[in-house]
Amino acid sequence: MKKPTKSVTGTIAKAMILILLLSLITTNFAILTLASSLNDAEAVNVSGSMRMQSYRLAHDIQMDSPEYQTHVDQFERSLYSPSMKALQSWDVPEEITQDYYQVIIRWHELKKILMSEDRQQYLHLVADFVDGIDHFVLQLQEHSENKLIRLAWAGGIGLGGILIVAIYVVLFVRKQIVRPLGQLISASEQIQNRYFDVKSICDLTMSLAF
């Protein structure tokens with residue numbers, strides 16, 4: 001008597017576990033990516049505002065604004081805000097971290113000028129400083145876009161894997177359960193008609209064994 005080569009319940013259980021794992025991996029990746037993207041969006045906003053603050057300092061110098069020192073302090077707070085410091089994390093590309101350090105270094109060079117008696121010199125340097133910030137903002141935006149692209153690919157692969165496993169389960173159940181059940185029903189009808197084929201009935205019973 002031929003034994004079933006596969007346990008129906010075991011195969012289905014493994015398929016369900018695989019679907020669960022794919023769902024968990026895809027969901028966790030999506031959550032982590034979206035959480036980090038929130039910081040990226042904040043960093044883009046902060047770094048974008050730093051461009052405006054740079055020109056505002058130039059305007060303060062020209063107008064001899066009483067809020068000049070306040071605006072200098074505000075720029076520094078933006079530069080060292082939590083969202084900007086997070087760019088030093090391990091999951092941030094090295095290029096972005098280095099660009100952030102370059103902005104910091106350049107700011108401290110300019111701050112010495114801003115705190116000196118020769119503030120007017122800043123007016124000739126601000127455009128180049130803003131260009132550096134623009135490049136930094138562009139890098140942040142591209143990094144955020146790449147994260148969303150990876151998220152889309154991961155979601156597509158995860159859902160595709162789940163779909164493949166689900167189709168396999170459906171085909172497997174159809175082959176190992178539905179078809180033998182149909183044959184068993186046919187055999188029972190034969191028995192009712194007084195046709196006894198013990199071997200066929202045993203084979204069908206074994207094919208349905210769980």
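- Counting only heavy atoms from C-beta outward, the side chains of Q53 and S78 approach each other to under 4.5 Å.
- Two residues are said to be in side-chain contact when any heavy atoms from C-beta on lie closer than 4.5 Å; I61 and L114 meet this criterion.
- With a 4.5 Å cut-off on side-chain heavy atoms, R106 and L125 count as touching.
- By the criterion of side-chain heavy atoms lying less than 4.5 angstrom apart, applied directly or through intervening Ile, Leu, Val, Met, Phe, Trp or Tyr residues, Y80 is grouped together with L87 in one hydrophobic cluster.
- Contact detail for A58 and Y122: the closest heavy-atom pair is N-CE2, 3.7 Å.
- Contact check for M16 versus I19: side-chain heavy atoms found under the 4.5 Å cut-off.
- Atom-to-atom distance recorded for M84:CE and L79:CG is 6.0 Å, nearest 0.5 angstrom.
- Residues V46 and S83 come closest through the heavy atom pair CG2-OG, 3.7 Å.
- The distance from atom CG of D60 to atom CD of E67, rounded to the nearest 0.5 Å, is 7.5 Å.
- Rounding to the nearest 0.5 Å places CD of E42 at 6.5 Å from OG of S81.
- In this structure, CD on Q121 lies 10.0 Å from CG on L123, to the nearest 0.5 angstrom.
- Both Y101 and V130 are members of a single hydrophobic cluster when ILVMFWY side chains are connected at heavy-atom separations under 4.5 Å.
- A donor-acceptor contact closer than 3.5 angstrom is absent between the side chains of Q74 and T70.
- Note: the hydrophobic cluster containing I25 does not contain V165 (ILVMFWY, side chain heavy atoms under 4.5 Å, direct or indirect links).
- Separation of atoms CG (L57) and OH (Y68) is listed at 6.5 Å; rounding is to 0.5 Å.
- For the pair S144 (side chain) and L140 (backbone), a donor-acceptor distance under 3.5 Å is absent.
- Around CE of M63, the count of heavy atoms belonging to other residues, nucleotides or ligands within 6.0 Å does not exceed 12.
- In this structure, NE2 in H143 is found 10.5 Å from CD in E95, a value given to the nearest 0.5 Å.
- Scanning all heavy atoms of the two residues, the minimum distance from R51 to D134 falls at CD-OD1, 2.5 Å.
- No side-chain heavy atom of F75 sits under 4.5 Å from any side-chain heavy atom of S49.
- I104 and V72 end up in the same hydrophobic cluster when Ile, Leu, Val, Met, Phe, Trp and Tyr side chains are linked at under 4.5 Å.
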**OP:** Give the C-alpha distance, both sets of side-chain angles, the deciding distance and a yes or no for side chain to side chain contact (heavy atoms under 4.5 Å, CB included) between M50 and V103.
**Re:** CA-CA 10 Å; M50 286 163 52; V103 173; 3.9 Å; yes
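- The shortest side-chain heavy-atom distance between Q139 and H135 falls under the 4.5 Å cut-off.
- Under the 4.5 angstrom side-chain criterion for Ile, Leu, Val, Met, Phe, Trp and Tyr, the cluster partners of I167 are L163, L171.
- Cluster partners of L24, using a side-chain heavy-atom cutoff of under 4.5 Å among ILVMFWY residues and allowing indirect links, are L20.
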Original post:
What do the steps show when you test Y100 against V92 for side chain to side chain contact (heavy atoms under 4.5 Å, CB included), and what is the final call?
Top reply: CA-CA 11 Å; Y100 176 52; V92 177; over 6 Å; no
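- Atom NE2 of H59 has 12 or fewer heavy atoms from other residues, nucleotides or ligands within 6.0 Å.
- Between the side chain of Y55 and the backbone N or O of V126 there is no donor-acceptor pair closer than 3.5 Å.
- Judged by distance alone, the side chains of N146 and E142 never bring a donor and an acceptor atom under 3.5 Å apart.
- In this view, E145 satisfies the side chain to side chain contact (heavy atoms under 4.5 Å, CB included) rule with no residue, not counting sequence neighbours.
- Both I113 and M115 are members of a single hydrophobic cluster when ILVMFWY side chains are connected at heavy-atom separations under 4.5 Å.
- The two residues S54 and I133 have their closest heavy-atom pair at OG-CD1, 3.8 Å.
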